[in-house]
Amino acid sequence: MAGFYDFSGELGRLEQQGLYRRRRVVDGPQGVLLNVDGRRMVNFCSNDYLGLAADPRLVDAFQRGAERYGVGSGSAHLICGHSAAHHALEDALAEFTSRRRALLFSTGYMANVGTISALLGRGDTVLEDRLNHASLLDGGLLAGARFRRYHHADPADLAAKLATGSGKVLVVSDGVFSMDGDLAPLPALAALAGRHDAGLLIDDAHGFGVLGARGGGIVEHFGLSAEQVPILIGTLGKAFGTFGAFVAGSDDLIELLIQKARSYVFTTAMPPAVAEATRTALRIVRDETWRRERLRELIARFRQGAEQLGLPLMASETAIQPLPTGDSERAVALSNALAERGFWVGAIRPPTVPAGTARLRVTLTALHDDAQIDALLEALSELGA
Ligand SMILES: *Cc1c(COP(=O)(O)O)cnc(C)c1O
């Protein structure tokens, strides 16, 4: 009889299916070049799209924040952990997103789970794109509402499902899809939600800071108003280079979340120094437009080069450039072979993506140089990716 603590069978199965996950230990700051086990690797897997995670100005703001506020926040926001640093960042994020209020969460996962489950309950309906991030799916399941997925980025299928929703209905989508890099058809989603009196929640984890002339994300990219996308979630650990997340919207939305979002109420506030570093990041994201322009150039270079080499691109115009491999073992083998050549590219497998759609996920940042892109393309081509 296998005892409760005998996990070897399950681990063996994961290994056999190419689904085993391993961590590499990085020494030193995030950046284009990473120190891994005493070797340099060119980083093509982080979400630090604008290259801010180790920016000296962020480090300085973080250090000054730690001097002023200490390290720990001491408690949840509703006890005594809500500092002037948190409050100032919320105000800045509200202004940046042209919304009345913003509410900080400790992570994007918690923002999504907490917001969806605060807004819906039994008898309500949540409609989710089938490729939504795990945290959005988990939030929908946790809410106890009727949970339905619509076909990926398919307004017609969403319309059909909206017609049969019961109770309050909330439409939920990634802005930029995290493993595919394509955009949600946001104007159509907004129009449909409006027409059916449904709520609309957009998680712009990979668009915020990157898309739009000012970095306002997918909402700015499509030129939509705050009224058309009433519940906007952004994360701060990706293009902003720090940590945490926020929900932006109306006064009443934010007040409701303060009362009812359990992942807000029952967790320790992020360290205030992180909020201070993030306010500096926000200024840089807004002002240093060259970072977004450079990223766009690199994306174009990667796609052009890949096309010339006959590599299998997906329909993405963003910094997320996946190369489908189909099966998981092949994704892992390619990722390992790239690592031997000094390139770190993630192998993305189920359950992160649907079965049979494993892929290499190449991500680009504003700080890559042309030669690094070209060298990666050459390696991918030689390995027959
Ligand atoms: C990364 C990610 C999150 C989670 O954000 P964290 O701050 O890392 O918890 C949520 N949604 C999407 C689409 C993401 O890619």
Side-chain angles (χ1 to χ4, degrees), residues 21 23 30 45-50 52-53 86 89-90 93 97 102-117 126 128-142 149 152-153 170-186 189 200-211 217-219 221 229 231-248 257 261-264 267-271 274-275 277-278 281-282 285 316 318-322 346 348-349 351-354 359 361-365:
R21 293 156 187 255
R23 303 170 303 169
Q30 279 294 315
C45 54
S46 95
N47 303 313
D48 180 23
Y49 303 119
L50 299 179
L52 294 178
H86 297 122
L89 176 57
E90 289 182 344
L93 288 166
T97 58
L103 185 70
L104 277 180
F105 279 75
S106 293
T107 71
Y109 192 105
M110 293 165 72
N112 287 341
V113 164
T115 301
I116 297 170
S117 59
V126 60
E128 302 222 13
D129 188 294
R130 69 183 282 274
L131 296 189
N132 274 354
H133 189 264
S135 56
L136 293 171
L137 302 174
D138 291 355
L141 294 169
L142 186 66
R149 299 188 196 209
H152 175 53
L170 179 65
V171 176
V172 172
S173 178
D174 279 24
V176 174
F177 285 86
S178 56
M179 298 301 135
D180 293 65
D182 58 337
L183 306 189
L186 194 51
L189 299 187
L200 176 62
L201 182 158
I202 296 296
D203 169 9
D204 203 21
H206 298 273
F208 192 59
V210 179
L211 296 177
I218 190 166
V219 176
H221 173 84
V229 186
I231 308 170
L232 177 66
I233 294 183
T235 64
L236 304 168
K238 289 164 181 159
F240 279 65
T242 60
F243 186 74
F246 68 92
V247 180
L257 294 179
R262 292 169 65 84
S263 60
Y264 181 80
T267 203
T268 300
M270 70 167 68
V274 172
T278 306
L282 181 55
V285 164
S316 163
T318 67
I320 301 164
Q321 290 293 327
I348 307 295
R349 294 158 277 168
T352 309
V353 292
R359 66 202 63 179
R361 178 177 182 263
V362 173
T363 54
L364 305 175
T365 85

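Just follow the structure's listing: the first ligand is 1, and inside any ligand the first atom is 1.
- Shown in contact with His206 at under 4.0 Å from a heavy atom are these atoms of ligand 1, numbered in order with element: 14 (C), 15 (O).
- Note: Thr278 OG1 to Glu90 CD = 12.0 Å, rounded to the nearest 0.5 Å.
- At least one heavy atom of Ser135 sits closer than 4.0 Å to an atom of ligand 1.
- Using a 3.5 Å distance cut-off with no hydrogens or angles, the side chains of His152 and Asp180 do not pair a donor with an acceptor.
- Aromatic pair Phe208/Phe246: centroids less than 6.0 angstrom apart.
- Closest heavy-atom approach to atom 11 (N) of ligand 1 within the set Asp203, Val113, Thr107: this belongs to Asp203.
- Separation of atoms CG (Asp204) and CG (Leu232) is listed at 6.0 Å; rounding is to 0.5 Å.
- The shell of residues lying under 4.0 angstrom from ligand 1, judged by heavy atoms, excludes Met110.
- When non-hydrogen atoms are compared, ligand 1 lies under 4.0 Å from neither the backbone nor the side chain of Ala245.
- Less than 4.0 angstrom separates some heavy atom of Asn112 from each of these atoms of ligand 1: 10 (C), 11 (N).
- Of all the heavy atoms of Ile233, none lies under 4.0 Å from any atom of ligand 1, so neither backbone nor side chain is involved.
- Within the listing of ligand 1, atoms 15 (O) sit less than 4.0 angstrom from a heavy atom of Ser178.
- Tyr264 has its side chain out of reach of Leu257: every pair of non-hydrogen atoms, C-beta onward, lies at least 4.5 Å apart.
- Of the N or O atoms in Thr235, none lie within a sub-3.5 Å distance of an N or O in ligand 1.
- Between Ser135 and Asn112, the shortest heavy-atom distance links the atoms OG-ND2, 2.9 Å.
- In this structure the side chain of Asp138 reaches within 4.5 angstrom of the side chain of Tyr109, judged on heavy atoms.
- Numbered from 1 in the order shown, with element, the atoms of ligand 1 that lie under 4.0 Å from a heavy atom of Tyr109 read 4 (C), 5 (O), 6 (P), 9 (O).
- The Gly108 neighbourhood of ligand 1 comprises atoms 4 (C), 5 (O), 6 (P), 7 (O), 9 (O), with distances under 4.0 Å to a heavy atom of that residue.
- Rounding to the nearest 0.5 Å gives a distance of 6.0 Å between CG of Asn47 and OG1 of Thr363.
- Less than 4.0 angstrom separates some heavy atom of Asp174 from each of these atoms of ligand 1: 13 (C).
- Defined by atom type and a distance below 3.5 Å, a donor-acceptor pair is missing between the side-chain atoms of Thr352 and Arg361.
- The single protein non-hydrogen atom nearest to atom 8 (O) of ligand 1 is Lys238 NZ, 4.4 Å, given as residue, atom name and distance.
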